[in-house]
Amino acid sequence: MDDWPGYDLNLFTYPQHYYGDLDYVLIPHGIVVDRIERLAKDIMKDIGYCDIMVLCVLKGGYKFCADLVEHLKNISRNSDRFVSMKVDFIRLKSYRNDQSMGEMQIIGGDDLSTLAGKNVLIVEDVVGTGRTMKALLGSIEKYKPNRIKVASLLVKRTPRSDGFRPDYAGFEIPNLFVHICVINEHGKEKYRV
């Protein structure tokens with residue numbers, strides 16, 4: 001719920017350099033781990049033990065992607081059908097110029113034409129408004145993959161949402177600046193880029 005007060009910081013251990021910067025724990029680590037394992041099971045059941053091309057959206061998606069892929073590999077190893085998984089990494093850069101507003105550039109990754117005919121799983125850490133993900137999906141669909149699915153650890157409830165929902169969502173959260181813990185005003189100022 002949007003007004004949920006979260007878990008008290010004193011219930012957990014966390015790196016000392018965050019002391020004084022956090023308000024509360026929104027989702028404990030153990031719950032995140034369990035949820036990622038369940039997402040992996042749902043993905044394998046849905047995709048049907050087919051080979052998967054995983055596109056990890058950096059920088060935020062790295063840890064979630066690594067954990068998700070590890071669970072997917074474990075499921076594959078313990079089944080009667082081996083599932084091949086290739087992981088590639090991309091970064092998204094939004095920019096504006098005189099000709100258009102809100103263009104998006106995909107940085108890194110292999111030649112995206114290799115996605116043709118593949119089962120693509122895009123892994124992102126947080127979906128907010130959904131505009132970036134819709135733009136990415138539009139770019140990838142041009143290469144004619146067999147299917148595209150999106151997994152996101154977090155989905156923010158925001159009034160600015162365009163209604164996009166990932167195929168696999170770990171947790172729906174309030175529209176907060178989060179790092180699984182909720183960063184207070186002092187922390188936001190300290191880590192502002």
To the nearest 0.5 Å, atom CE of M133 lies from atom CZ of F164 at 5.5 Å

What do you reckon, is CZ of R160 surrounded by more than 12 foreign heavy atoms closer than 6.0 Å? no

Is any side-chain heavy atom of Y143 less than 4.5 Å from a side-chain heavy atom of V120? no

Can you list everything that forms a side chain to side chain contact (heavy atoms under 4.5 Å, CB included) with K156? Sequence neighbours excluded, please. V126, I173, N175

For D111 against S113, the heavy-atom pair lying closest together: OD2-OG, 2.8 Å

Over 12 non-hydrogen atoms of neighbours within 6.0 angstrom of NZ in K190: yes

After noting the C-alpha distance and the side-chain angles of V69 and V123, does the key distance pass the side-chain contact (heavy atoms from CB on, under 4.5 Å) rule? CA-CA 10 Å; V69 167; V123 180; 5.9 Å; no

When rounded to the nearest 0.5 Å, the distance separating CG of L58 from CD1 of I107 is 10.5 Å

Under 3.5 Å donor-acceptor, S79 side chain and S76 backbone: yes

Carefully, step by step, assess E70 and R77 under the rule salt bridge (Lys or Arg N to Asp or Glu O under 4.0 Å). CA-CA 10 Å; E70 190 59 37; R77 279 192 285 269; 3.3 Å; yes

R147 side chain near K149 side chain, heavy-atom distance below 4.5 Å: yes

With a 3.5 Å distance limit and no angle check, can you tell me whether N184 reaches the backbone of G20 through a side-chain donor-acceptor pair? yes

Show every side-chain hydrogen bond (donor to acceptor under 3.5 Å, both in side chains) that has at least one partner inside residues 51-69, sequence neighbours left out. K63-D67

So, taking the atom named CD in Q16 and the one named OH in Y18, what distance separates them when rounded to the nearest 0.5 Å? 13.0 Å

Rounded to the nearest 0.5 angstrom, the CD1-CD1 distance for I36 and I31 is 12.0 Å

Beyond-backbone contact of L136 with I90, side-chain heavy atoms, under 4.5 angstrom: yes

Might you confirm whether atom CZ of R157 has over 12 heavy atoms from other residues, nucleotides or ligands at distances under 6.0 Å? yes

Taking the side chain as everything from C-beta on, heavy atoms only, tell me whether V178 gets closer than 4.5 Å to I27. no

Contacts of D125 that satisfy side chain to side chain contact (heavy atoms under 4.5 Å, CB included) - sequence neighbours left out: none

Quick check: does any side chain N or O of R38 sit under 3.5 Å from a backbone N or O of G170, one acting as donor and the other as acceptor? no

Taken to the nearest 0.5 Å, the spacing of D8 CG from Y24 OH works out to 12.5 Å

Please name the pair of heavy atoms, one in F12 and one in Y14, separated by the smallest distance, quoted to 0.1 Å. O-CD2, 4.0 Å

Evaluate side-chain contact (heavy atoms from CB on, under 4.5 Å) for L11 paired with V25, printing each intermediate quantity in order. CA-CA 9 Å; L11 297 173; V25 174; over 6 Å; no

Go through the steps to decide whether F171 and L26 satisfy the test side-chain contact (heavy atoms from CB on, under 4.5 Å), and finish with yes or no. CA-CA 10 Å; F171 302 93; L26 186 62; over 6 Å; no

Start with the C-alpha distance between L68 and C65, add both sets of side-chain angles, then the distance that settles side-chain contact (heavy atoms from CB on, under 4.5 Å), and finish with yes or no. CA-CA 5 Å; L68 182 63; C65 184; 5.7 Å; no

Can you find a pair of side-chain heavy atoms, one from V32 and one from F64, that are under 4.5 Å apart? no

Any side-chain heavy atom of L55 within less than 4.5 Å of one from D88? yes

Residues A40 and H71: closest non-hydrogen pair is CB-CB, 3.5 Å

OG1 (T114) and CE (M53) are apart, to the nearest 0.5 Å, by 6.0 Å

Any donor-acceptor pair under 3.5 Å linking the side chain of N119 with the backbone of I52? no

Nearest heavy-atom contact between R35 and A169 is NH2-O, 2.8 Å

Sub-3.5 Å donor-acceptor pair from the side chain of N78 to the main-chain atoms of N74, do we have one? yes

Heavy-atom check, side chain of L72 versus side chain of I43, under 4.5 Å: yes

Please tell me whether V33 and L39 are part of a single hydrophobic cluster in this structure, the criterion being side-chain heavy atoms less than 4.5 Å apart. no

Taking the side chain as every heavy atom from C-beta outward, state whether L92 and I106 have any atom pair closer than 4.5 Å. yes

Give the cluster check for V87 versus F82: same hydrophobic cluster or not, with ILVMFWY residues linked at side-chain heavy-atom distances below 4.5 Å. no

